[in-house]
There are 2 protein chains.
Amino acid sequence: MEVNNGGAAGQPEGFSSVIPGWFSEISPMWPGEAHSLKVEKILFQGKSDYQNVIVFQSSTYGKVLVLDGVIQLTERDECAYQEMITHLPLCSISNPKKVLVIGGGDGGVLREVSRHASVEKIDICEIDKMVVDVAKEYFPSVAVGFEDPRVTLHIGDGVAFLKAVPEGTYDAVIVDSSDPIGPAQELFEKPFFQSVAKALRPGGVVCTQAESIWLHMHIIEDIVANCRQIFKGSVNYAWTTVPTYPSGVIGFMLCSTEGPPVDFKKPINPIDADDSHVKTKGPLKFYNSEIHSAAFCLPSFARKVIESKAN
Amino acid sequence: MEVNNGGAAGQPEGFSSVIPGWFSEISPMWPGEAHSLKVEKILFQGKSDYQNVIVFQSSTYGKVLVLDGVIQLTERDECAYQEMITHLPLCSISNPKKVLVIGGGDGGVLREVSRHASVEKIDICEIDKMVVDVAKEYFPSVAVGFEDPRVTLHIGDGVAFLKAVPEGTYDAVIVDSSDPIGPAQELFEKPFFQSVAKALRPGGVVCTQAESIWLHMHIIEDIVANCRQIFKGSVNYAWTTVPTYPSGVIGFMLCSTEGPPVDFKKPINPIDADDSHVKTKGPLKFYNSEIHSAAFCLPSFARKVIESKAN
């Protein structure tokens, strides 16, 4: 259907439009502000067991995936998020072999993990099959990640999946979640981080989506405090730019378990070193070793809060 | 007046509202997207000889200054822009004494320049007196920069002002301009950069507002190419996060003239070293030496374009 009215009438559920024909992202997570994209055409709308799912063609950001009214990815800027959430952890350890992705049902993180030739096994646990199906149909350049033969897809609850994982299984866990309102809520809580720590080998690493320094310092404070208690290796916060995420930035919590030390700020496994992945996946658009290290440099207002929690 | 309608009727000139009671930033400079802020109250609206000027109280970003429909600053995030555009150049040279600010009529850059104890003289040339007057009335924590006795305010055209400056006058020039549509257009053109280079001492530095890597790579390409021709010292591009600027980032072009070499990536005049400024101006909220160096690390897509122009 075409969007051509500005009110609630005729809008699909979960679709806010404040300009006729535009999609606006309004949420109590960022009160008083909204980013809007001009809609050319709504391509898909559905309601899964977990959330409202919408795909639309925007006029300047390519196709856009929206879950419960919140933009998850656009074709124009998804590279920043997917490349950073993946290569920040995987380039920080040598020779990652077993990787678990929680969430990430669009396949973009898988696409990035599969650039690493050392990786032998990639598990992904996504709660919502509709996200996977929609990604495969509308975002083939993202969902291409599912085509790697090393990938095993588990549809189910990430919290339950992790509890059943034998201790010390993974070299890296990547938590590509939505915001802590809705199905992803438990992925920001202490018991979940404890399961992650248990599932990692000594000196293994986790990278979780960790909100915006401009909007959510109170959430970040809690995450840092929890992680500092649970992860006995390194605990660091990084951030990057994603124009279509609220406030234009997104952060990542990077932690390692007790064991061989990990210095997240100095990538020891540079992806640029072996560029065989470029032939099949295309070049990296965003990530490089310089921006890896730079991502850990925080504005003073954020550094003050995060460092006080971390020590 | 209160904003309580969503259409054009009853809106002040230069004020777009796509949600009733919200201000939306719509421009051909960023087609197909718009950032909106909820308006509590419009505090000022006027039309100067150069542009429409609006000040409103937003519900979550404090007071907001809008010129020709484009957000120039909000109380909540102005620290990022003002601190970076000022300290990136001034911390890159030792002992800056004479500084010229072009634009910057809100006074925020002056506030930051005046943290530097070595500075003896600060000239500012702002074309629009209404911006200065409005800043002094509605943004006292920003316009406080005008109170420094080292400051001399010149109301007039920055291009003409620079042409009259004796060769080699300044250690640093900071160009705090709006976008290259409207009164700031000439500040992005080659003759202007030539005047800047002439006004600087050997090894002097300039920092200009240089748009968004996500939205304006074509403009940035041109600026870099021009600067590489004109400035025979260093030519570097840096960027930072500002949530209320389009795409959530803003860039800076940093150049030095022939003379003592300047390595912008390694600040040699750290502002943190002498914190006497904190007593009178308060602590820095955003800038620190780490984020200074990190600002020069570019995403791969931007690095590719900028480095190809720079060499």
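All chains are named by letter (A, B, ...) in the order of the sequence lines, taking the proteins before the strands, and each is independently numbered beginning at 1. Side chains are part of it too, since the values below use all heavy atoms of this structure and drop only hydrogens, waters and symmetry mates.
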Enquirer: Side-chain atoms of residues 80-91 of chain B: list all donor-acceptor pairs with protein atoms under 3.5 Å, sequence neighbours left out, distances to 0.1 Å.
Expert:
residue: B:Tyr81; atom: OH; partner: B:Asp176; partner atom: OD1; Å: 2.5
residue: B:Gln82; atom: OE1; partner: B:Val109; partner atom: N; Å: 3.4
residue: B:Gln82; atom: NE2; partner: B:Glu78; partner atom: OE1; Å: 3.3
residue: B:Glu83; atom: OE1; partner: B:Lys285; partner atom: N; Å: 3.4
residue: B:Glu83; atom: OE1; partner: B:Phe286; partner atom: N; Å: 2.8
residue: B:Glu83; atom: OE1; partner: B:Tyr287; partner atom: N; Å: 2.7
residue: B:Glu83; atom: OE2; partner: B:Lys285; partner atom: N; Å: 2.9
residue: B:Thr86; atom: OG1; partner: B:Gln82; partner atom: O; Å: 2.8
residue: B:His87; atom: ND1; partner: B:His116; partner atom: NE2; Å: 3.0
residue: B:His87; atom: NE2; partner: B:Glu112; partner atom: OE1; Å: 2.8

Enquirer: Name the option with the most non-hydrogen atom pairs under 4.5 Å to chain A; the candidates are B:Gly248, B:Pro283, B:Ser247, B:Ala302.
Expert: B:Ser247
Enquirer: Using a cut-off of under 4.5 Å on heavy-atom pairs, state which of B:Cys297, B:Ser212, B:Gly32, B:Cys79 scores highest against chain A.
Expert: B:Gly32
Enquirer: Side chain, backbone, both or neither: which part of B:Ile213 has an atom under 4.5 Å from a heavy atom of chain A?
Expert: neither
Enquirer: Could you have a look at A:Trp214, A:Phe301, A:Tyr61 and say which one has the most heavy-atom pairs with chain B under 4.5 angstrom?
Expert: A:Trp214
Enquirer: So which part of B:Trp30 gets closer than 4.5 Å to some heavy atom of chain A, the side chain, the backbone, both or neither?
Expert: neither
Enquirer: Should the heavy atoms of other residues, nucleotides or ligands under 6.0 Å from NZ of B:Lys38 be counted, would the total exceed 12?
Expert: no
Enquirer: Go through the atoms of B:Ser58 and report whether side chain, backbone, both or neither lie under 4.5 Å from a heavy atom of chain A.
Expert: neither
Enquirer: Could you tell me whether the side chain of B:Pro299 reaches within less than 4.5 Å of the side chain of A:Ile291, counting heavy atoms only?
Expert: yes
Enquirer: Mark yes or no for whether B:Asn288, through its side chain, and A:Leu298, through its backbone, hold a donor-acceptor pair below 3.5 Å.
Expert: yes
Enquirer: Examine whether an atom of B:Ser59 lies under 4.5 Å from a heavy atom of chain A, and if so say whether it belongs to the side chain, the backbone or both; otherwise answer neither.
Expert: side chain
Enquirer: Could you pull out the closest heavy-atom pair between B:Glu33 and A:Thr60, with the gap in Å?
Expert: N-OG1, 4.5 Å
Enquirer: Of all of B:Thr241, B:Leu215, B:Thr244, which one pairs up most often with chain A through heavy atoms under 4.5 Å apart?
Expert: B:Thr241
Enquirer: Please classify the contact of B:Arg76 with chain A as side chain, backbone, both or neither, using a heavy-atom distance under 4.5 Å.
Expert: both
